[in-house]
Amino acid sequence: MAEEIKYRTCNLCEAICGLEITVEDGVVSKIRGDKEDVFSKGHICPKAVALKDLYEDPDRLRYPLRKVDGKWERMEWEDAFEYVADRLVSIQKQHGDNAVGIYQGNPSIHNLGTTLFSPNFVRSLKTTNRFSATSVDQLGHHLAAEFMFGHMNKIPVPDIDRTDFWVIMGGNPIISNGSLMTAPDVSGRLKAIQTRGGKVITIDPRRTETAERADEHVFIRPGSDVYLLLAVIREIIARDEIRLGHLADIIDTAQIEQIRELVDPYTVDLAVAKTGIPKETIDSLITGYISAKRAVWYGRLGVSANRYGGLCHWAINTLNILTGHFDTEGGAMFTSPAVDIANRKSRTPKFNRWQSRVSGLPETGGELPSGVMVEEILTPGEGQIRAMVTSCGNPVLSVPNGNKLDEAFDSLEFMVSIDIYLNETTRHADVILPPATGLEVPHYPVAFHNLAVRNTANFSEPTMPKAEGARYDYEIFLGLQQAIEKRTLSEEEIEKKATYYQMNPELLLNMGLSAGNTGADLSQLKANPHGIDLGPLRSNLKEKILTNSGKIDLMPSIYIDQLQSLTQIEEDQDTYLLIGRRHLRSNNSWLHNSQRMVKGPVRCTALLHPDDAQTLALSDGETITVSSDVGQVSLPVEISDEMMPGTVSIPHGWGHHRDGIQMSVAKAHAGVSMNDLIDNKIVDTLSGVSVISGIPVQISAGSAA
Ligand SMILES: Nc1nc2c(c(=O)[nH]1)N[C@H]1C(S)=C(S)[C@@H](COP(=O)(O)OP(=O)(O)OC[C@H]3O[C@@H](n4cnc5c(=O)[nH]c(N)nc54)[C@H](O)[C@@H]3O)O[C@H]1N2
Ligand SMILES: Nc1nc2c(c(=O)[nH]1)N[C@H]1C(S)=C(S)[C@@H](COP(=O)(O)OP(=O)(O)OC[C@H]3O[C@@H](n4cnc5c(=O)[nH]c(N)nc54)[C@H](O)[C@@H]3O)O[C@H]1N2
Ligand code: SF4
Ligand SMILES: [Mo]
């Protein structure tokens, strides 16, 4: 029996764990944590074995498909590229460039080929109707990075390996394995904080799995975080606790005065009223955070896709900066990665340079908010989207008002999806182009080394051969781009692209490495299959800041209007507030086609506090209907005091009951989609980010159907 051991980095989530994979006679027989991985040191989660399931999944698509009279037929790759280019370009010639839209989903950033080669493909489409998962996720972090530090990707990460006081607001890293904080083995790192005498505090409407391990949990009313954050800033200033430290000469003190005036109305008393947190709890939280020598305030998805998510991330950066917990050990810090994606000076900020056609929401980084996709497809007029490209995404399940988006996709003249599954979104496509993925591709987590709690670099060779006839994702993007540009560019322009058309991920990666912070090249990375350790995070903001002034912009003007208006907002107290949740064996809308990932008790349930269940006369496990202004879903209720009274939690990414999907396991565990309850028009007006948390809903007993 031929047995081989191979090493690679898991690309399923941000934690980038090293894997040790045993291949026997060409079949993956074991996937374990790589104990020698310089970063993850053997840690993995149950999802890692899904890489084998994905590789072997009989439902996975392996060659291009075209829908002809409602039936799927196999296509040759070159024919598919030509056909897709023909359709897209002819629609654009007739209706203008913006008649084609594109949605790029979450795995885009987890795949090297897509990360490196999709941007130029997108440019070849010349459309402003570009959407991605960013605007249902981390856009507020990018905005704060762009305006405060001069680059969208200059996002600070919590130095959790050296902090003594970690505030986790709206994140559940024990389950999500960390986000905008690449940290394999959050559990071990959290324990280490406690072992060295430090403290971990969670602020969340649900007492999460992370809260269970924390020293203290604080329930907060969904969507109200901004009031707590502004009260913290107000208190820091009022208590005279500003410590700018080494950052003093890159901070303009007049801006601190401006902040003092702007936050003055946001008292602790107002925070108490808005958040539902007792005054003593807020006081002791503030005192603990300010007085800890090494502390960091970390906010994640619960405060990102939140009504005031944009402002919240300015506030979180600001309170870390004002208290000296920034660019210092144990505070919020910046990486020094081997391939640096935040190294070019910003000219004018990439924000609000254009607006969406129907609702006038701002562009950020060249993209419009995904929440407007529905109306841009369904509203007639010049600039209406008539054709869509989707890649690495399942927006029917992951973007608010999924049911409506389902209808919208159905109405398109043409749609092409780059995806490995025939699912809720890709079923609307005319052509599906499936890439090789997972174990079949080379990997280097470009984005996540930039967001990691330690500087490391790790390249993975493909572990398994790509399926016969399959194409790598970069080959698909290059194939499509060439076919499009053949139709839209002059011969001269095409000639200039000849070298680029011959590129591959390794060549581009090597270019990135040589321009990076370490001078490492690909051959060095290849010689170190367990990765190269580049040490703990280092204070580097003063040399690396990218604003034009060379200073931190502590009070960018984009935030001021919202800062001046929030005290007047009255909340509707009469409804339940819907929040989401993640499960260790899920990955957004996918991985539900692996039996190992979906086994066990039904997971798509509505969590509700016992007092609320009693008011509504509900018993555990019975079917309830949750309804909102845009839809309703029926699912089992799970009664649990881990919920804050008045809130209800449903996981996203389910709803595999739709016709025409080819995912046999997922279909058998259909669940419902919480995004069928969320109005796509509810956005953070500052950033355009979809609000997926704190959605007002009604609850009633019984099934709607
Ligand atoms: N209500 C609610 N909605 C949410 C969230 C929430 O918490 N609550 N979370 C939001 C967040 S944070 C995110 S990031 C989004 C994610 O939502 P999406 O961006 O839509 O991403 P996924 O749901 O992960 O879908 C991934 C798709 O990529 C395909 N895929 C997997 N691997 C590959 C590959 O290698 N190549 C290609 N081409 N395709 C591949 C899968 O088959 C699947 O169709 O959802 C958001 N939506
Ligand atoms: N197992 C697994 N891991 C994943 C994913 C997955 O689907 N499954 N998805 C990946 C992706 S794309 C992402 S972006 C990350 C996200 O990773 P995290 O940011 O850790 O996201 P969640 O686990 O959704 O945790 C969000 C928390 O915010 C809380 N919350 C909701 N509303 C509010 C609010 O208004 N205020 C506050 N303070 N809290 C609130 C929720 O109860 C929840 O506990 O996870 C990644 N990792
Ligand atoms: S934690 Fe994330 S990177 Fe690590 S094994 Fe699990 S899915 Fe893979
Ligand atoms: Mo995400």
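Numbers here are sequence positions counted from 1.
If you check the side chains of D97 and T127, you find no donor sitting under 3.5 Å from an acceptor. Side-chain contact of N306 with D684: a donor-acceptor pair under 3.5 Å is absent, judged by distance alone. Checking Q384 against T379 by side-chain atom types alone, no donor-acceptor pair falls below 3.5 Å. N675 and H652 share no side-chain donor-acceptor pair at under 3.5 Å. Residues Q502 and T499 have side chains that never bring a donor and an acceptor to within less than 3.5 angstrom of each other. For the residue pair N98 / N129, no side-chain donor-acceptor distance below 3.5 Å is found, with atom types taken as modelled. Side chains of T128 and R353: no donor on one and acceptor on the other come within 3.5 Å. Counted by atom type alone, S304 and H141 present one or more donor-acceptor pairs between their side chains at under 3.5 Å. A donor-acceptor contact closer than 3.5 angstrom is absent between the side chains of S176 and R582. Side-chain contact, N504 with Y472: no donor N or O sits under 3.5 Å from an acceptor N or O. Side-chain contact of N458 with Y444: a donor-acceptor pair under 3.5 Å is absent, judged by distance alone. When only modelled atom types and interatomic distance are considered, N111 and H443 share no side-chain donor-acceptor pair under 3.5 Å. Side-chain contact, D473 with T114: a donor N or O sits under 3.5 Å from an acceptor N or O. There is no side-chain donor-acceptor pair under 3.5 Å between S124 and Q481. A donor-acceptor contact under 3.5 angstrom links the side chains of N394 and T425, judged on distance only.
Residues T390 and I102 fail the side-chain proximity criterion, which asks for heavy atoms closer than 4.5 Å. Using a 4.5 Å heavy-atom threshold, the side chains of H449 and V339 count as separate. Side-chain contact between V49 and R596 is present, with at least one heavy-atom pair separated by less than 4.5 Å. Contact of the L51 side chain with the N11 side chain is registered, since non-hydrogen atoms from C-beta on lie closer than 4.5 Å. Residues L368 and L361 fail the side-chain proximity criterion, which asks for heavy atoms closer than 4.5 Å. Between S118 and Q104 the shortest side-chain heavy-atom distance falls below 4.5 Å. The side-chain heavy atoms of H142 and N153, taken from C-beta on, include a pair separated by under 4.5 Å. In this structure, D86 and F414 have side chains that are not in contact, with every pair of non-hydrogen atoms separated by 4.5 Å or more.
Screening residues 433-442 for salt bridge (charged side-chain N to carboxylate O under 4.0 Å, His left out) gives R60-E440 as the qualifying pairs, with residues at least two apart or on separate chains. Among pairs with a residue in residues 376-391, those fulfilling salt bridge (charged side-chain N to carboxylate O under 4.0 Å, His left out) read R357-E376, R386-E413, at least two apart in sequence or across chains.
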Worked verdict on S179 versus E14 for side chain to side chain donor-acceptor pair (under 3.5 Å): CA-CA 6 Å; S179 186; E14 298 179 41; 2.7 Å; yes
W654 and V672: CA distance, side-chain angles, deciding distance, side-chain contact (heavy atoms from CB on, under 4.5 Å) verdict: CA-CA 5 Å; W654 297 89; V672 295; 5.9 Å; no
Step-by-step salt bridge (Lys or Arg N to Asp or Glu O under 4.0 Å) determination, E375 to K681: CA-CA 9 Å; E375 63 197 30; K681 289 195 183 302; 2.8 Å; yes
Check against side-chain contact (heavy atoms from CB on, under 4.5 Å), V122 and V389: CA-CA 10 Å; V122 175; V389 181; over 6 Å; no
Stepwise side chain to side chain donor-acceptor pair (under 3.5 Å) check, Q138 with T134: CA-CA 5 Å; Q138 81 286 0; T134 294; 3.3 Å; yes
Salt bridge (Lys or Arg N to Asp or Glu O under 4.0 Å) assessment of E82 paired with R487: CA-CA 10 Å; E82 293 298 320; R487 289 164 171 82; 2.7 Å; yes
Step-by-step side-chain contact (heavy atoms from CB on, under 4.5 Å) determination, N177 to L584: CA-CA 8 Å; N177 282 298; L584 195 53; 3.8 Å; yes
Worked verdict on R123 versus E485 for salt bridge (Lys or Arg N to Asp or Glu O under 4.0 Å): CA-CA 10 Å; R123 264 175 225 122; E485 290 178 340; over 6 Å; no
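When all heavy atoms are compared, the tightest approach of Q632 to A704 is NE2-CB, 3.1 Å. Between Y55 and P465 the shortest heavy-atom distance is OH-O, 2.8 Å. Between A80 and P64 the shortest heavy-atom distance is CB-CB, 4.0 Å. Closest approach of L412 to A387, counting heavy atoms only: CD2-N, 3.9 Å. Counting all heavy atoms, side chain and backbone alike, I44 lies closest to G18 at CG2-O, 4.2 Å. The two residues Y103 and G393 have their closest heavy-atom pair at CE2-CA, 3.8 Å.
Within 6.0 Å of atom CG in D629, 12 or fewer heavy atoms from other residues, nucleotides or ligands are found, so the atom counts as exposed in its surroundings. For NZ of K47, the number of neighbouring non-hydrogen atoms (other residues, nucleotides, ligands) closer than 6.0 Å is greater than 12. Within 6.0 Å of OH in Y63 there are 12 or fewer heavy atoms belonging to other residues, nucleotides or ligands.
When atom types are taken as modelled, the side chain of R585 and the backbone of M597 share a donor-acceptor pair closer than 3.5 angstrom. Without hydrogens or angle criteria, K6 side chain to T463 main chain gives a donor-acceptor distance under 3.5 Å. Of the possible donor and acceptor atoms, one in the side chain of S370 sits under 3.5 Å from a partner among the backbone N and O of S132.
Two rings, from H669 and H656, have their centers 6.0 Å or more apart.
Using a 4.0 Å cut-off between charged nitrogen and carboxylate oxygen, K350 and E146 do not count as a salt-bridge pair. K496 and E491 are not joined by a salt bridge, as no carboxylate oxygen comes within less than 4.0 angstrom of a charged side-chain nitrogen. In summary, R300 and D137 engage in a salt bridge, as defined by a charged side-chain N under 4.0 Å from a carboxylate O. Salt bridge absent: E493 and K497 never bring a charged side-chain N and a carboxylate O closer than 4.0 Å. With respect to the salt-bridge test (charged N to carboxylate O, under 4.0 angstrom), the residues R66 and E76 do not qualify. Using a 4.0 Å cut-off between a side-chain N of Lys or Arg and a carboxylate O of Asp or Glu, D676 and R658 qualify as a salt bridge. The pair D419-R427 fails the salt-bridge criterion, with no side-chain N (NZ, NE, NH1 or NH2) lying under 4.0 Å from an Asp/Glu carboxylate O. Taking 4.0 Å as the cut-off between side-chain N and carboxylate O, R87 and D430 do not count as a salt-bridged pair.
Between Y474 and F117, the two ring planes are tilted [angle within 30° to 60°].
The side chain to side chain donor-acceptor pair (under 3.5 Å) search around D679 returns none, not counting sequence neighbours.
Atoms CG and CD1, from D53 and I31 in turn, are 8.0 Å apart once rounded to the nearest 0.5 Å. To the nearest 0.5 Å, atom OG of residue S673 and atom NE2 of residue H657 are 8.0 Å apart.
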